[in-house]
Number of protein chains: 2
Amino acid sequence: MKRRIDETDRRLIARLQENARIPTAALARDVGLSRSAVQERLERLEKSQTITGYTVQLGDTARPVLLAEVMIQLEQKQSAGVVGALQKIPHCIRCLAISGEYDLIAEVAADTPEELDGVLDRIGELAGIKRTSSSIILSTKFDRR
Amino acid sequence: MKRRIDETDRRLIARLQENARIPTAALARDVGLSRSAVQERLERLEKSQTITGYTVQLGDTARPVLLAEVMIQLEQKQSAGVVGALQKIPHCIRCLAISGEYDLIAEVAADTPEELDGVLDRIGELAGIKRTSSSIILSTKFDRR
DNA sequence: GTTTAAACCGATGAAACGCCGGATTGATGA
DNA sequence: TCATCAATCCGGCGTTTCATCGGTTTAAAC
């Protein structure tokens, strides 16, 4: 009876973070278990939502050309309406609630400067927003989230 | 002679975004090519950095408890050294170069407040950094990157 | 002490893999 | 025009991995 993820699970996850397409048999050799045992572990991790999926990481070429970070200060501390509005904007690909001077960080993607400009304007005019501050993302130095 | 990614490449990428561990043979059936042709396409996409890797997506249970955004102002506009130092810190999971008052945004993950505090201190004391501003991430409102 | 279920192993036939030779196609330049 | 060259694809090969299952061990639960 095991519920908690143990050291072996962590090692499996670590290897999959490096390369999710590695064969199960190779994982098994890495951690010193049989292939079928590893297979069962992965099924458990997936079923328990510890692992929610496997995806491909794309380089800049296939990603949207322009990215920006938008720091947002709310008028009241009720973020729900603003977050909902942001979520309806397809260009808005991420939104975090933060502590400090600003209340939200939104990450925005666009294909052209004009498009980005339009999106930033649209965000700035949303109801419930006091102030915004935008930074164009010049490059992704690294990303291992 | 093909350089640009075509519709088939996009379909392959789309399938891999859903599940990066799907067998190449299944991808081949999906797009109507031979297995070896798909294998060559993937090698091309990887070599051209269109695809940079494959990773596992983790649920909340396995994710770090605490996240923070660190805005970084450099002393000179030479980011290479600082970025390299940040990349060596395992807690630092992402780094973007931006325009504006600050030069870099780093995203930091930690399991405890003490650990986060230590990481932020460590970043603040790196050579080449003039000033930093940190915001704890209270919650991820949405993320569809 | 018995029951029960989780976790593992090893075996087996089917499927997928890496690798390579050969056909096709379309652009390049003699 | 026609030979050349590289890109792209296919199919086949031996090897590896896969899904699945029965059987063993372990340890908590009763």
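Chain naming here is simple, since letters A, B, ... match the order of the sequence lines and numbering starts at 1 in each.
For the pair B:Gln39 and C:dG18, the criterion of a side-chain N or O lying under 4.0 Å from OP1 or OP2 is met. In terms of phosphate contacts, A:Ser36 brings no side-chain nitrogen or oxygen within less than 4.0 Å of OP1 or OP2 of C:dG10. Contact annotation: A:Arg44 reaches the phosphate of C:dA7 (side-chain N/O to OP1 or OP2, under 4.0 Å).
The side chain of A:Arg29 lies closest to D:dT17 when the candidates are D:dT17, C:dA16, C:dC9. When distances run from any side-chain atom of A:Glu40 to the nucleotides D:dC18, D:dC10, C:dC9, the shortest one goes to C:dC9. Among the nucleotides D:dC9, C:dC8, C:dC17, the one closest to any side-chain atom of B:Ala37 is D:dC9. Comparing C:dC17, D:dT8, D:dT17 against the side chain of B:Ala25 picks out C:dC17 as the nearest.
A straight line from CZ of B:Arg41 to C1' of D:dC9 spans 9 Å, rounded to a whole angstrom. D:dC9 atom C1' lies 14 Å from atom CG of B:Leu12, rounded to whole Å. If you measure from atom CG of B:Asp9 to atom C1' of D:dC9, you get 14 Å, rounded to the nearest angstrom. If you take CG of A:Leu42 and P of C:dC8, they are 11 Å apart, rounded to a whole angstrom. Remark: P of C:dA16 and CG of B:Leu27 are 11 Å apart, rounded to the nearest angstrom.
Pairing each heavy atom of B:Leu58 with each of A:Gln17, the nearest pair is CD1-NE2, 3.7 Å. Residue A:Met71 comes nearest to A:Ile105 through the heavy atom pair SD-CG1, 3.7 Å, listed as atom of the first residue, atom of the second, then distance. Of all heavy-atom pairs spanning A:Thr132 and A:Gly124, the tightest one is CG2-CA, 4.3 Å.
Taking for each of A:Gly32 and A:Arg21 the nucleotide of DNA chain C with the nearest heavy atom, the 5'-most of the two is the partner of A:Gly32. Nearest-nucleotide positions on DNA chain D for A:Ala26 and A:Glu43 put A:Ala26 closer to the 5' end.
Note on the helix from C:dG1-D:dC30 to C:dA30-D:dT1: terminal axis deviation equals 30°, with five pairs used at each end and the result rounded to 10°.
Here the CD1 atom belonging to B:Ile72 is positioned 5.0 Å from the CG atom belonging to B:Leu86, to the nearest 0.5 angstrom. Between atom CZ of residue A:Arg21 and atom OH of residue B:Tyr54 there is a gap of 5.5 Å, rounded to the nearest 0.5 Å. To the nearest 0.5 Å, the span separating CZ on A:Arg41 from CD1 on A:Ile13 amounts to 10.5 Å.
Within the structure, side-chain hydrogen bond (donor to acceptor under 3.5 Å, both in side chains) contacts touching residues 115-130 of chain B (residues at least two apart or in different chains) are B:His91-B:Glu115.
Residue A:Arg35 places a side-chain atom within donor-acceptor reach of the base of D:dA19, judged by atom type and a 3.5 Å distance cut-off alone.
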